[in-house]
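Note sheet for the following structure.
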2 protein chains.
Amino acid sequence: MPYRSTVHESLAAVFQVRQLRTTSAGRPELAVLLWQRALDPERGTWALPGGRVCDDEDIETSARRQLAEKVDVCEVSHLEQLSVFSDPDRVPGERRIASAFLGLVPATTDPRLPTDTSWHSVAALPPTSFDHGVLVAEARARLAAKLSYTNIAFGLAPPVFTMSELREIYRAALGYDVDSTNLQRVLNRRKVLSPTGDTAPPGPTGGRPATMYRFTDSSLRVTDEFAALRPPG
Amino acid sequence: MPYRSTVHESLAAVFQVRQLRTTSAGRPELAVLLWQRALDPERGTWALPGGRVCDDEDIETSARRQLAEKVDVCEVSHLEQLSVFSDPDRVPGERRIASAFLGLVPATTDPRLPTDTSWHSVAALPPTSFDHGVLVAEARARLAAKLSYTNIAFGLAPPVFTMSELREIYRAALGYDVDSTNLQRVLNRRKVLSPTGDTAPPGPTGGRPATMYRFTDSSLRVTDEFAALRPPG
DNA sequence: GCAAAAGTGTTGACCTTACACCCATGA
DNA sequence: TCATGGGTGTAAGGTCAACACTTTTGC
């Protein structure tokens, strides 16, 4: 056979908005799930969960399986393909062509993780393995873009939440603050939120109780079609 | 080895806006490059150009090479990754994982094609091989979306053109008519067009001569950032 | 002058941010 | 009643599609 052995692998950048203990008493941040390599090559660097695609599964099934098996993350609320990393020399040894994924986990779930695995602030990544740092950056860019024109935040938000909590999630994921007023108006007009009827108890210092919302849909939906050159209507 | 033999291939949906002789004297249409399979499986159906990724090339290089070798198309003005098609049973026999691409060719070039290869209206595709029809639909959707918020039309337009010609290209690619007035205004404000200084001669029946334009950039650029939830400032 | 094609101005609708203002609660 | 946080109203600015209007040409 004239071709050398080539492996196809899946790699997932799984994001969650969470309070990282490194920044004590700080605000929640966008975090990504990484495990630390115990062996060469690149021993000690931090890698994304993933691995070889099996014969009987497609790449999305593979990515879900790797997350369940290797880092015990079963409740991924959203998973979508990014691009393929295929530089012949992207990893040493046997060639590996990697299909990248963006995964999201709700802010409230706290999966039990293996000892070599932990959450890391996307804003301050540790040394990453191979091209995994580029992959994380691409995943973050995709997330930020889709927050603007889809309901993708359902993947990061808890089942029910207040507008303030949702605002914190947007702030962490986008990297800048958003106006709570306008966030509510935008999401309301697009009908992505539904009030549950309940209200959250006010904090210790009082304040008006916040109404609680949930996302109307629990799968990705484009809520703001192209700005320009719309079909005539 | 516990894994069966798996091939990674690239597949490209190459689009061009062109006058198809099937619809005589009609307007130009969006066309895709297909070749007819001479052998089983699926003999007689129409397939996208592509093939096995070599050991020393990444998938984009592979896609360009396949286009040059198999259908003699060397001047692809734009090429970008779509998604991966990885269903274990997407083709019979040896497993093939396919990286899909969207390619664009300017309206004026007319590459010499092998005898088994020809352009087909995207609106009326012949029977397609395997999952290639889905791939073409995905490519078209990506093109239509990006026409709205990027300068991707540079890939379909000739080097210089009038606004009327450009309008025809948008109409063909989007599938609906666009207002020439507004097209000009949108593209002007985003500074994607530059006047060449020349004008086109009027048609046989007279008319004001049209000024000629070219695209300012010849690579993809996002010209209309997210509508909502912009950074403050 | 007239038809035809190119290009400009204007209007009304919609969406956005920013900010002032009102509402509900605990202390 | 006062501070605190939740929620609403409104004004200013930008972009859009639609269409009337002006400009420039060939006949």
Side-chain angles (χ1 to χ4, degrees), chain A residues 27 145 147-150 160-171 174 176-214 222-233, chain B residues 27 145 147-150 160-171 174-213 222-233:
Chain A
R27 317 175 87 175
L147 280 173
S148 173
Y149 67 93
T150 72
V160 299
F161 48 85
T162 67
M163 284 308 299
S164 296
E165 291 163 351
L166 189 60
R167 177 165 104 124
E168 278 300 299
I169 288 171
Y170 271 83
R171 190 192 52 69
L174 290 173
Y176 53 79
D177 211 347
V178 296
D179 187 301
S180 176
T181 300
N182 298 325
L183 180 62
Q184 179 155 24
R185 229 193 306 266
V186 167
L187 298 182
N188 266 338
R189 186 168 28 71
R190 297 179 182 173
K191 303 204 191 316
V192 315
L193 297 184
S194 311
T196 66
D198 295 324
T199 58
T205 77
R208 176 170 170 176
T211 57
M212 312 227 35
Y213 296 90
R214 67 164 58 91
V222 173
T223 58
D224 188 24
E225 217 61 55
F226 338 117
L229 306 175
R230 275 183 281 261
Chain B
R27 317 176 86 175
L147 280 172
S148 174
Y149 66 92
T150 73
V160 299
F161 48 85
T162 67
M163 284 307 300
S164 296
E165 290 163 351
L166 189 60
R167 177 164 103 123
E168 277 299 300
I169 288 170
Y170 271 83
R171 189 193 53 70
L174 290 172
Y176 53 79
D177 211 347
V178 296
D179 187 302
S180 177
T181 300
N182 298 325
L183 180 62
Q184 179 156 22
R185 230 193 305 267
V186 166
L187 298 182
N188 267 337
R189 186 165 27 70
R190 297 178 183 174
K191 303 204 191 315
V192 314
L193 297 185
S194 310
T196 66
D198 295 323
T199 58
T205 76
R208 177 171 171 174
T211 57
M212 311 223 43
Y213 296 89
V222 173
T223 58
D224 188 25
E225 217 60 57
F226 339 116
L229 306 176
R230 277 183 280 259

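Letters A, B, ... mirror the listed sequences (proteins, then strands); counts begin at 1. Small disclaimer: the values here were computed from a predicted structure and weren't measured.
For the pair B/D179 CG and C/dG12 P, the interatomic distance rounds to 18 Å; values are reported in whole Å. Across the protein-nucleic acid pair, B/Y176 atom OH and D/dA17 atom C1' stand 12 Å apart, rounded to whole Å. Here the C1' atom of nucleotide D/dT15 and the CG atom of B/N188 are 15 Å apart, to the nearest Å. Rounded to whole angstrom, the span from the CG atom of B/N182 across to the P atom of D/dT15 amounts to 14 Å. Rounded to an integer number of Å, the gap from B/L174 CG to D/dA17 C1' is 15 Å.
Among the atoms of the strands shown, only primed sugar atoms or phosphate atoms (P, OP1, OP2) are found under 4.0 Å from some heavy atom of B/S164. Heavy atoms of A/R167 sit nowhere under 4.0 angstrom from any nucleic acid atom. B/T211 comes within contact range of the sugar-phosphate backbone alone, with a heavy-atom separation under 4.0 Å but no base atom that close. Heavy atoms of B/L183 sit nowhere under 4.0 angstrom from any nucleic acid atom.
Across all non-hydrogen atoms, the minimal contact from B/D177 to B/R167 is OD1-NH1, 3.6 Å.
For C/dT25, its base never sits under 3.5 Å from the side chain of A/T205 at any donor and acceptor pair. Put simply, the side chain of B/T181 and the base of C/dT8 share a donor and an acceptor less than 3.5 Å apart. Taking 3.5 Å as the limit, the base of C/dG9 and the side chain of B/R185 contain a donor-acceptor pair of atoms between them.
The residues A/R27 and A/E168 are annotated as salt-bridged, a charged nitrogen and a carboxylate oxygen being separated by less than 4.0 angstrom.
For A/A210, the side-chain atoms get nearest to D/dG6 when compared with the rest of D/dA17, C/dG7, D/dG6.
Summarising the geometry, atom CG belonging to B/L229 is positioned 8.5 Å from atom CG belonging to A/N182; distances are rounded to the nearest 0.5 Å.
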